[in-house]
Chemist: 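Here's a structure for you.
Every chain is numbered from 1, with letters handed out A, B, ... down the list of sequences. Since the structure is predicted, the reported quantities are computational estimates derived from the model, not experimental observations.
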Protein chains: 2
Amino acid sequence: MVARYERIADALREEILTGAHPVGSQLPSESDLAGRFGVARGTVRQAVAVLAVEGLVGSRQGARRIVLGRARSQSFAELHSFAQWARANGHRYGGQVIEQRRRAASAVESVRLGNDKVLEVLRLRTLDDEPVLVERTVYAEWVAPAVERLPADCESVTEALYESIGLVIAYGEHLIDAVPAGAQDARLLGVRRGSPLLRQRRITTTYEGRPVETSDDRYRAGSVIFSIRNSIGANPLVRQAGDLRSGRREHMFDL
Amino acid sequence: MVARYERIADALREEILTGAHPVGSQLPSESDLAGRFGVARGTVRQAVAVLAVEGLVGSRQGARRIVLGRARSQSFAELHSFAQWARANGHRYGGQVIEQRRRAASAVESVRLGNDKVLEVLRLRTLDDEPVLVERTVYAEWVAPAVERLPADCESVTEALYESIGLVIAYGEHLIDAVPAGAQDARLLGVRRGSPLLRQRRITTTYEGRPVETSDDRYRAGSVIFSIRNSIGANPLVRQAGDLRSGRREHMFDL
DNA sequence: CAGTGGTCTAGACCACTGT
DNA sequence: CAGTGGTCTAGACCACTGG
């Protein structure tokens with residue numbers, strides 16, 4: 001069952017993509033669209049709200065909506081899962097467990113994951129047959145058994161965990177910065193020590209808010225780029241000072 | 001005039017922040033909140049939608065909403081403007097124009113900005129008296145005169161342009177990756193050549209979709225971190241392969 | 001099966017834009 | 001001042017969760 005407003009959003013997205021509404025042009029008014037699709041104005045507003053969140057259109061009171069771009073947004077799974085992202089974008093991909101061990105949680109980890117024992121896994125992932133990503137993931141104890149049952153060259157951990165224990169990862173927080181490659185990073189990725197890596201630290205939870213894993217993912221420079229659209233009305237990206245001593249922090253990575 | 005749903009969102013945000021609704025707990029039902037605030041259910045839904053976009057609460061049909069974190073969300077201006085961000089976060093900040101010149105636009109720039117002449121400005125910005133950011137900004141011709149009238153040590157270009165010509169930057173697209181410091185970067189930031197920098201390329205437009213500037217901002221590693229929350233229902237961040245030869249790209253940086 | 005969130009309607013009024 | 005988007009209401013029905 002697909003909602004009416006989703007189908008309207010799809011239709012409008014398609015029209016934007018095909019150039020029926022070129023970038024920079026005005027979208028028809030809400031009443032026009034309501035008439036055309038045979039729905040109430042509120043439903044049209046839900047549809048264009050979807051496009052606004054995607055950064056496709058902008059709006060301001062009193063003026064017609066403007067087409068800002070023709071982007072398609074990726075699914076949550078595609079951001080979270082390397083395999084799903086690579087596949088959806090037509091890349092070859094692979095992965096290999098380099099190290100895997102149970103250990104006691106650090107103080108920070110035990111608060112984040114709600115466990116005092118954790119499973120740590122080091123994976124090297126390849127994109128189009130080149131090593132691009134070193135993934136250091138720490139799993140909460142309750143998912144550890146399922147992770148340990150996976151083959152070392154499991155291509156998609158996210159999908160495998162869904163199939164084996166029905167795990168759905170629903171929420172994530174991501175911290176993005178740049179770091180120099182350490183000795184192990186350098187060896188695995190085939191770059192010089194100290195060379196730039198794009199780091200994405202994340203913590204993910206289930207629908208119920210139960211923590212699943214935290215991870216420190218490091219991409220070889222040039223292999224991936226993160227992209228985001230924002231506006232005066234919607235600003236999902238946040239910038240923070242990186243010095244841990246100064247200033248407050250306020251995200252899942254704290255407590 | 002602040003909307004009713006905004007004030008309700010503020011109230012709930014405050015309650016989450018103060019711990020009245022701890023992380024992991026359930027939010028009251030929509031009907032409860034509607035009764036408590038004396039509004040229709042739709043208004044409550046608008047309010048919690050705000051919190052959902054901020055990543056504070058999650059939801060799924062049939063189950064009560066869950067508190068995911070105690071957010072702070074920054075304003076759009078704070079992401080766009082180094083000065084406004086630094087000030088809001090209690091840092092000292094400064095800036096200095098290193099180079100500034102008019103030149104012909106490159107092919108790409110002329111399409112992005114809609115101009116064949118541009119103004120290029122190289123600025124070095126300091127945070128807490130340390131150089132942390134090299135900003136290479138290319139302005140469309142129509143804003144160039146106003147930019148040229150600014151003092152070389154202008155602290156907030158965004159605010160100055162608003163005051164001088166009423167310029168409001170309403171939309172932005174940002175690409176984030178890691179790059180090695182070039183010779184000029186290294187000299188200005190006081191780091192070694194090749195050391196990691198966090199790069200944020202952006203293009204911004206007015207409400208009407210008119211391009212204002214593109215910029216290549218490079219942060220010293222460790223000085224800033226970008227942070228984002230996402231969910232299965234809202235996924236603003238997009239990951240792309242970095243190899244420019246492969247795959248399609250679909251954002252303002254194209255055409 | 002009761003409660004809850006998701007969708008949709010029809011109509012009202014207001015704030016703002018652009019001519 | 002006409003048109004448009006922003007806000008809000010009151011009520012309806014459905015899909016889903018969780019006991």
Chemist: Of the listed nucleotides (dT7(D), dC16(C), dT7(C)), which one gets closest to any side-chain atom of Ala3(A)?
Modeler: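 Closest nucleotide among those given: dT7(C).
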
Chemist: Just the table, please: protein N/O against nucleotides 10-12 of chain C N/O, every pair under 3.5 Å.
Modeler:
residue	atom	partner	partner atom	Å
dA12(C)	N6	Arg41(A)	NH1	3.3

Chemist: Which pairs with one or both residues in residues 154-172 of chain A pass salt bridge (charged side-chain N to carboxylate O under 4.0 Å, His left out), sequence neighbours excluded?
Modeler: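 Every salt bridge (charged side-chain N to carboxylate O under 4.0 Å, His left out) pair that includes a residue of residues 154-172 of chain A, provided the two are not neighbours, is Arg87(A)-Glu159(A).
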
Chemist: If you check every side-chain atom of Arg65(B), which of dG5(D), dC8(C), dG5(C) has the closest atom?
Modeler: dG5(C)

Chemist: OH of Tyr207(A) versus C1' of dG6(C): gap in Å, rounded?
Modeler: 13 Å

Chemist: Check whether Arg229(A) reaches the backbone of Glu173(B) with its side chain - one donor and one acceptor, N or O, closer than 3.5 Å.
Modeler: no

Chemist: Quick test of your reading: applying salt bridge (charged side-chain N to carboxylate O under 4.0 Å, His left out), list the pairs with at least one residue in residues 139-150 of chain B, sequence neighbours left out, ordered by first then second residue.
Modeler: Arg102(B)-Glu148(B)

Chemist: What's the CD-P distance between Gln61(B) and dC14(D), to the nearest Å?
Modeler: 13 Å

Chemist: Please tabulate, for side-chain N and O atoms in residues 33-42 of chain B, each donor-acceptor pair with protein atoms closer than 3.5 Å (sequence neighbours left out).
Modeler:
residue	atom	partner	partner atom	Å
Arg36(B)	NH1	Glu15(B)	OE1	3.4
Arg36(B)	NH1	Glu15(B)	OE2	3.2
Arg36(B)	NH2	Glu15(B)	OE2	2.3
Arg41(B)	NE	Glu30(B)	OE1	2.6
Arg41(B)	NH2	Glu30(B)	OE1	3.1

Chemist: Out of dT9(C), dG6(D), dC8(D), which nucleotide sits closest to the side chain of Ser59(A)?
Modeler: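 For Ser59(A), the side-chain atoms sit closest to dG6(D).
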
Chemist: Calculate the interatomic distance between Ile8(A) atom CD1 and dG6(C) atom P; express it in whole Å.
Modeler: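 After rounding, the gap between these two atoms is 19 Å.
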
Chemist: Can you tell me the distance, in whole Å, between the CD1 atom of Ile232(A) and the C1' atom of dG6(D)?
Modeler: 16 Å

Chemist: Select from Val2(A) and Leu27(B) the residue whose nearest nucleotide in DNA chain C is closer to the 5' end of that strand.
Modeler: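 Here Leu27(B) is the residue nearer the 5' end.
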
Chemist: Quick one: stems for DNA chain D, with Watson-Crick or G-U pairs under 3.5 Å, at least three in a row?
Modeler: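 Correct response: C:1-18 with D:1-18.
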
Chemist: Quick check for you: among dC8(D), dT9(C), dT17(D), whose closest atom lies nearest to any side-chain atom of Thr43(A)?
Modeler: dT9(C)

Chemist: Is any side-chain N of the basic residue among Asp217(B) and Arg202(B) closer than 4.0 Å to the acidic one's carboxylate O?
Modeler: yes

Chemist: With the side chain of Arg64(B) defined as its heavy atoms from C-beta on, choose the nearest nucleotide among dT9(C), dT4(C), dC16(C).
Modeler: dT4(C)

Chemist: For Phe37(B) and dC8(D), what is the distance between atoms CZ and C1' respectively, to the nearest whole Å?
Modeler: 16 Å

Chemist: Looking across every strand, which nucleic acid part, if any, lies under 4.0 Å from Arg45(B) by heavy atom: base, sugar-phosphate, or nothing?
Modeler: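 Touches a base.
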
Chemist: Taking ring-ring contact (aromatic ring centres under 6.0 Å, His included) as the test, write out the residues that go with Phe82(B), two or more places apart.
Modeler: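 Here the qualifying residues are Trp85(B).
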
Chemist: Within this structure, what is the CZ-to-P distance between Arg60(B) and dG6(C), rounded to whole angstrom?
Modeler: 11 Å

Chemist: Distance check needed: dC14(C) P versus Tyr5(B) OH, whole Å only.
Modeler: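 Those two atoms, OH and P, are 18 Å apart.
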
Chemist: Side-chain contact test, heavy atoms from C-beta onward, threshold under 4.5 Å: evaluate it for Val118(B) versus Leu113(B) and give yes or no.
Modeler: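 Side chain of Val118(B) against side chain of Leu113(B), heavy atoms only: contact under 4.5 Å found.
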
Chemist: Give a yes or no on whether the backbone of Gly114(A) and the side-chain of Ser110(A) come within a donor-acceptor separation of less than 3.5 Å.
Modeler: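 Not at all, since once roles are kept as given, no pair shorter than 3.5 Å links the two residues.
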
Chemist: So do Pro211(B) and Arg112(B) actually touch side chain to side chain, heavy atoms under 4.5 Å?
Modeler: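 Not touching, per the 4.5 Å side-chain cut-off.
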
Chemist: Name the residue closer to the 5' end of DNA chain D, choosing between Glu6(B) and Glu208(A) according to the nucleotide with the nearest heavy atom.
Modeler: Glu6(B)

Chemist: Gln46(A) CD to dC8(C) C1': how many Å, rounded?
Modeler: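 Whole-Å distance recorded here is 8 Å.
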
Chemist: Is it true that the NZ or CZ of Arg60(A) lies under 6.0 Å from the centre of Tyr207(B)'s six-membered ring and within 45 degrees of the ring axis?
Modeler: yes

Chemist: Just N and O in the side chain of Arg4(B): are any of them under 4.0 Å from OP1 or OP2 of dC8(D)?
Modeler: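 Checking Arg4(B) against dC8(D): no side-chain N or O falls below 4.0 Å of OP1 or OP2.
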
